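Only a predicted model underlies this, so the values are computations on that prediction, with no experimental measurement involved.
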Amino acid sequence: MAEAKGKGGSGRRKLSRSRYEQELFRLQTELVKLQEWGRGEGARLVVVFEGRDAAGKGSTIKRVTEHLNPRVARIAALPRPTERERTQWYFQRYTEHLPAAGEIVLFDRSWYNRAGVERVMGFCTPAEHQRFLRQCPIFERMLVEDGILLRKYWFSVSDEVQEQRFRRRLEDPVRRWKLSAVDLQSLTRWEAYSQAKDEMFVHTDIAEAPWYVVESDDKRRARLNMIAHLLSTVPYTDITPPVLELPPRPPATGYRRPPRDLQNYVPDHAAGLEK
């Protein structure tokens, strides 16, 4: 299942922004329904986002969580392990972020770091990598057996599009932080990452927790396709919320606001934009 090189796009016409935003909002509305169903049923949902650097994982996660309750749906994007964590069982620091009843956790990269960047960059030993490939299916079967809804998505991007996105990030002052020296190794180690991903799929594409590949050269299509698929795999129902009505505002009782000059106000920066 190696990713193709030089695709440079899907060859299909891009969705118009208006059509994309219309469908995205519809799907996000369904995600809110899923959230409320999960709260009512006590469901636990884990969504794993993996794939190459600049494949569009982060932007898709943003669209998934945009209208969800942050107390219910949270993102787990773990930093590199500490010295203490390196001495723990590999999966241990990830189990701390698993959901309780009614919660959704989206892993922006996950335990699969060991099968990808750690394996390719030599951040783990061959023995540690092989141990991961043996233990990961067991670990995931335990999660599913315990009732967790586990969904795994691999975002696939061509080498040409990945390089284009890297170049845009290098020139973008608000996205330069997304690139590191390790990320740029993706260009020179493309085939090594492909081999690592193929080996990972052989061992971890299991019936209880299969991998789903998202073609992501076109980010708009990728976001819609991923969200629509996620919704199709969860048996949620529309739980109608109780009808709320605004209470009448009570009459004034003589309260007087303190003088404005006793408080510190933020300067009106926006006023200077009107000139």
Is [X] salt-bridged to [Y], cutoff N-O under 4.0 Å?
| X | Y | answer |
| --- | --- | --- |
| R39 | E36 | yes |
| K152 | D205 | no |
| R114 | E118 | yes |
| E171 | R167 | no |

Using the rule that two of Ile, Leu, Val, Met, Phe, Trp, Tyr join whenever any of their side-chain heavy atoms come within less than 4.5 Å, decide whether [X] and [Y] are in one cluster.
| X | Y | answer |
| --- | --- | --- |
| I227 | W37 | yes |
| F139 | L150 | yes |
| I239 | V72 | no |

Check your understanding: Is there any side-chain hydrogen bond (donor to acceptor under 3.5 Å, both in side chains) pair reaching into residues 235-247, and which pairs are they, with sequence neighbours excluded?
Key ->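 As it turns out, the side-chain hydrogen bond (donor to acceptor under 3.5 Å, both in side chains) pairs with a partner in residues 235-247, which skip direct neighbours, are E30-Y236.
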
Point to revise | salt bridge (charged side-chain N to carboxylate O under 4.0 Å, His left out) contacts touching residues 66-76 (sequence neighbours left out) | key: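 Found R74-E103.
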
Review point. Which pairs with one or both residues in residues 81-97 pass salt bridge (charged side-chain N to carboxylate O under 4.0 Å, His left out), sequence neighbours excluded?
Key: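 Listed once each, the pairs are E83-R86, E85-R93.
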
Practice item. Please confirm whether R52 makes a cation-pi placement over F155, using NZ or CZ under 6.0 Å from the six-membered ring centre and within 45° of the ring normal. Key: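 No, R52 and F155 do not form such a contact.
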
**Study point:** Geometric cation-pi criterion R220 and Y20, 6.0 Å radius, 45° cone
**Key:** yes

Check your understanding: Can you check whether Y90 and F132 have ring centres sitting under 6.0 Å from each other?
Key -> yes

Can you name the closest pair of heavy atoms from [X] and [Y] and give their distance?
| X | Y | value |
| --- | --- | --- |
| Y193 | Q185 | CE1-O, 4.5 Å |
| P99 | I104 | CB-N, 4.5 Å |
| A192 | V120 | O-CG2, 3.8 Å |
| T204 | E140 | O-OE1, 4.2 Å |
| C124 | H129 | SG-CB, 4.1 Å |
| A76 | V105 | CB-CG1, 4.0 Å |

Tell me, please, which residues at least two apart from [X] pass side chain to side chain donor-acceptor pair (under 3.5 Å).
| X | answer |
| --- | --- |
| E50 | R109, S110 |
| R256 | none |
| D261 | none |

With sequence neighbours excluded, tell me which residues meet ring-ring contact (aromatic ring centres under 6.0 Å, His included) with [X].
| X | answer |
| --- | --- |
| Y212 | Y153, H229 |
| W211 | Y112, F201 |
| H203 | none |

Where the side chain of [X] meets the backbone of [Y], is there a donor-acceptor pair that is under 3.5 Å apart?
| X | Y | result |
| --- | --- | --- |
| E41 | G38 | no |
| T60 | R223 | no |
| Q35 | N69 | yes |
| S216 | S156 | yes |

Point to revise | Modelled atom types, side-chain donor and acceptor of W190 and Q162, under 3.5 Å | key: no

Practice item. Check whether any side-chain heavy atom of V234 sits under 4.5 Å from a side-chain heavy atom of L149, and report yes or no. Key: yes

Review point. Side-chain contact, heavy-atom cut-off 4.5 Å: L15 with R221?
Key: yes

Review point. Roughly how far, to the nearest 0.5 Å, is CG of L184 from CG of L170?
Key: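 Interatomic distance, L170 CG to L184 CG, rounded to 0.5 Å: 6.5 Å.
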
Revision key, fill the gap. NZ of K62 to NZ of K57, rounded to nearest 0.5 Å, is 13.0 Å

Point to revise | Connected-component partners of V266 among ILVMFWY, side-chain separation under 4.5 Å | key: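 Direct or chained contacts put V266 with none.
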
Check your understanding: Hydrophobic clusters join Ile, Leu, Val, Met, Phe, Trp and Tyr when side-chain heavy atoms are under 4.5 Å apart, directly or via other members; which others share one with I138?
Key ->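 Under the 4.5 Å side-chain rule, I138 groups with M142.
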
**Study point:** Partners passing side-chain contact (heavy atoms from CB on, under 4.5 Å) against E23 (at least two apart in sequence or in another chain)
**Key:**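 Per chain and number, E23 pairs via side-chain contact (heavy atoms from CB on, under 4.5 Å) with R19, R26, L27, L224.
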
Exercise for review: Kindly determine whether F107 and I75 satisfy side-chain contact (heavy atoms from CB on, under 4.5 Å), including the steps that lead there.
Suggested key: CA-CA 6 Å; F107 280 93; I75 301 169; over 6 Å; no

